[in-house]
Q: 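My questions all concern the structure below.
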Amino acid sequence: MSIYDSLNPQQREAVFHTEGPLLILAGAGSGKTRVLTHRIAYLIEERQINPFNIMAITFTNKAAGEMRERVDKLVEYGAESVWVSTFHSSCVRILHRYIDRIGYDNSFTIYDADDQKSIVKGICKRLNIDTKKLRERTIINEISSAKNELISAEEFAKKYVNDFTKQELIKVYKEYEIELQSNNALDFDDLLMKTVELFKICPDVLESYQRRFRYIMVDEYQDTNTAQFQFIRLLADTTERNLCVVGDDDQSIYRFRGANIRNILDFEYYFQDAKVIKLEQNYRSTQNILNAANEVISNNKGRKEKRLWTAEGDGEKIQFKQFNTGYDEAEYIVSDIENRVNDGLSEYKGCAILYRTNAQSRMFEERLVTANIPYKLVGGVNFYARKEIKDMLAYLKTVANGRDDLAVRRIINVPKRGIGLTTIGKVQDYALDHNISFFEALECADQISNIGRASAKIIPFVDFINKIRDDLSSGHLISDVMQNIIDDTDYIEMLKEEGEEEALVRQQNIDELLNKIIDYEDNKDTPDLNEFLEEVALVADIDSLDEDNNRVVLMTLHSAKGLEFENVYLAGMEDGLFPSYMTVTSDDPMELEEERRLCYVGITRAMKRLTLTCARQRMVRGETQYNKPSMFIKEISDNLLSMAESFSIKNNSEDKVIKATNAYTQARNAFRSKVFETRQFEVKKAEALDYIVGDRVSHIKFGEGTVVKIIEGGRDYEVSVDFDGVGIKKMFASFAKLKKI
DNA sequence: GTGCCTGCTCACGGG
DNA sequence: GAGCAGGCAC
């Protein structure tokens, strides 16, 4: 009995077809990761391919991590030499080694959306561009789409030379490139674009990677953009052309990010001798759920025909419920989860609430906090985008790459050193005049004319940074250096001055960052600050999701791709929200098709039970909207749906929500601070609790009470407290944050 | 140079 | 509804 016997015939065919281009059209839940991992195992164990010659590319670190884990399990020896990585990390690794060949320093910085905005803002100011007429966001999006299409600033200028409306964009794009290069910085899109550029300019570099990656596999191929396609195409452009791509055109949902669905639809055109294998047997969902998904997606035109089926039964019907308001919707979903868990029908961790926009998460959070249900929110403000974290990273970046002007300017007066905008402007001018970096200009502050006494404030800052650099090069750990920065700058003091409550959360986040640094150091033989900063820049929200935690998961439909849950709630199924207003009113029918694919992704996340909900009226941006049920619901036949009577309003829910808000805001911080855990860094169950049965404790929402029972579970303590005037409540210790009084 | 207030704009999705 | 830029007072 071999490991391949458990595969179905199509899966097996895909695993055994190792030579030449291969397209695997893998429907949702058809076991594509299984195929990929078994294929890697087969290459190594049966075809005696050196693991070093195999490359597997995914979109998220989470997917890469899971693939690595599964390959490790299947392959006895050498699995660690397989290059399993995301597009972006792969590019960073390559650029880190060779980017000096195309005019950058190998210790480059990666700019995120905020950084891009600061740069564009500065440029617009210099060029006298009115950002009210041409928004920064628009400019960044235009530059990003150009880069995704591998259109450089020069090519952009050439292409639109006669387009009156693009003249300002041409100038900004050009300036933007100059500024990034002089800061030795790359944005996300550059990572791909510069790698492709490197491959084209330096054939020897390309060849060395071609020789290494003799077998290439790409997951989620339907979401690749032109730059990613070229990256892969160049690597696979050898006589062997052992390129295997796996994807599902029906799950292509990243058009806004430049994904080109033609990459998958035209694969057979680019690679004429490509073998195509369809995986249609689904191992995840019930037939009712699959039928609903099939019905919805069949309304799209530009797609490859597929029909998902399962050997399992029809299962439950799909629940459809319409409510009067969004509050009622949230209340129903949360109480349904509560009831099912109490009845032993579900576990928290099998439940997911999915929605179209992040803004919808609030109401669910409110209800979940009130119901004392543990949850994990994916998305929202990324951990690494928080102010305090960006400040800390800016210090590290300043230390690592003195050329990153943006980082230096961010922290030169944080905490306050009395160095204001006037001084910064003068230093900036000096730097420009002398063609040196901002930090270098700071180093010779005493030579800058008319800077006056400000140089006395600048010098200690420069000395401080240089001291940190010395520490680092003489072997101090990054975590020690970070701790020194926090201490020496009195950063925590600064936070406290801004407000106690806020400071606490921010301080916890900084501690979390320190933990992450220590974790990084523990896992590396030779920790390197630049490498750490690169890793950190590429972290996505979804990477921190650990499905083993017993919690309800909240996230957007986009984040949910690739995941599965026993019990799924698709909330806000309303025309105008999903499909969004923008797509309904758009002239481009492709937009509605993408929206429908998103719906297909949502439906196919569910294993056993699917609930679709909508509200007649809903507050959106402070305005009440009245919406019809989503057109996608009408695309599902009635016989698949169970339309029980709508949830009635038991009492005036708006009143309740207002009352709950205060407790909610407080409690949310407690919950939120746990949002960014990673697999390595869970806030684990406490070693011991600082209260015992009989102690008086206080809870943020229920007030004071007496501990009546503590049960020690594997993951956490389950504590029962008899709250004064409230009664006995059961809760998890790590969530309840009970304080002994 | 700093801190506060107001008014404005933006609101789909993310590595 | 929220965050941010810009203006204004100290």
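Every chain is numbered from 1, with letters handed out A, B, ... down the list of sequences.
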Q: Counting heavy atoms from C-beta on, name the nucleotide in B/dG15, B/dG1, B/dG13 closest to the side chain of A/T422.
A: B/dG1
Q: Please report, rounded to the nearest Å, how far the P atom of B/dG15 is from the CZ atom of A/F231.
A: 18 Å
Q: If the condition is side-chain contact (heavy atoms from CB on, under 4.5 Å), which residues does A/T489 pass it with, not counting sequence neighbours?
A: A/Y395, A/P415, A/R417, A/F464, A/I485, A/Y491
Q: Under 30°, 30 to 60°, or over 60°: which ring-plane class applies to A/Y355 and A/F364, parallel, tilted or perpendicular?
A: parallel
Q: Measure from the side-chain heavy atoms of A/T423 and tell me the nearest of B/dG1, C/dA2, B/dG13.
A: B/dG1
Q: Whole angstroms only, please: what is the CZ-P distance between A/R93 and B/dG15?
A: 20 Å
Q: For A/F578, which contact category applies under a 4.0 Å heavy-atom criterion: base, sugar-phosphate, or nothing?
A: nothing
Q: If you look only at pairs with a residue in residues 555-564 of chain A, which of them pass as a side chain to side chain donor-acceptor pair (under 3.5 Å), with sequence neighbours excluded?
A: A/E220-A/K561, A/D223-A/K561, A/R284-A/E564, A/T556-A/S559
Q: For A/N184, what residues pass the side-chain hydrogen bond (donor to acceptor under 3.5 Å, both in side chains) criterion, not counting sequence neighbours?
A: none
Q: Report the distance from atom CD1 of A/I140 to atom C1' of B/dG14, rounded to the nearest whole Å.
A: 14 Å
Q: Identify, residue by residue, the members of residues 412-420 of chain A with a heavy atom below 4.0 Å from DNA chain B, and return them in order of residue number, or none.
A: A/N413, A/K416, A/G418, A/G420
Q: Would you indicate whether the side-chain heavy atoms of A/Y384 and A/M392 approach each other to under 4.5 Å?
A: no
Q: Please report the distance, rounded to the nearest Å, between CG in A/N148 and P in B/dG13.
A: 18 Å
Q: Phosphate oxygens OP1/OP2 of B/dG14: is one of them under 4.0 Å from a side-chain N or O of A/T556?
A: yes
Q: Among B/dG15, C/dA2, B/dG14, find the nucleotide with the atom closest to the side chain of A/T60.
A: B/dG15
Q: In whole angstrom, give the distance that lies between atom CD of A/E136 and atom P of B/dT9.
A: 13 Å
Q: Starting at atom CD of A/E593, determine the distance to atom P of B/dG13, rounded to an integer number of angstrom.
A: 22 Å
Q: Can a cation-pi geometry be assigned to A/R616 and A/Y626, taking NZ or CZ under 6.0 Å from the six-membered ring centre and within 45° of the ring axis?
A: no
Q: Between A/K457 and A/E594, which has a closest nucleotide on DNA chain B that is more 5'?
A: A/K457
Q: Under 4.0 Å, heavy atoms only, any strand: does A/F87 hit a base, just the sugar-phosphate, or nothing?
A: nothing
Q: A/K457: what forms a salt bridge (charged side-chain N to carboxylate O under 4.0 Å, His left out) with it, not counting sequence neighbours?
A: none
Q: If the cut-off is 4.0 Å, is A/N61 near the phosphate of B/dG15, judged by side-chain N/O to OP1 or OP2?
A: no
Q: Enumerate the protein-to-nucleotides 4-10 of chain C contacts in which both atoms are nitrogen or oxygen and the separation is below 3.5 Å.
A:
unit_1, atom_1, unit_2, atom_2, d
C/dA5, OP1, A/K121, NZ, 3.1
C/dA5, O5', A/K121, NZ, 3.3

Q: Nearest whole angstrom, please: distance from the P of B/dG13 to the CD of A/Q222.
A: 20 Å
Q: Under the criteria of a ring-centre distance below 5.5 Å and an interplanar angle below 30°, is A/F256 stacked with the base of B/dG13?
A: yes
Q: Is the NZ or CZ atom of A/R597 positioned over A/Y600's six-membered ring, under 6.0 angstrom from the centre and within 45° of the axis?
A: no
Q: Supply the atom-to-atom distance A/L235 CG to A/I216 CD1, rounded to the nearest 0.5 angstrom.
A: 5.0 Å
Q: So does A/R362 get a side-chain nitrogen or oxygen closer than 4.0 Å to the phosphate oxygens (OP1/OP2) of C/dG1?
A: no
Q: Check whether any side-chain heavy atom of A/M555 lies under 4.5 Å from a side-chain heavy atom of A/V553, and answer yes or no.
A: yes
Q: For A/M555 and B/dG14, what is the distance between atoms CE and P respectively, to the nearest whole Å?
A: 11 Å
Q: For A/N358, answer base if it contacts any base atom (sugar-phosphate contacts may also be present), sugar-phosphate if it contacts only those atoms, and nothing otherwise; contact means non-hydrogen atoms under 4.0 Å.
A: sugar-phosphate
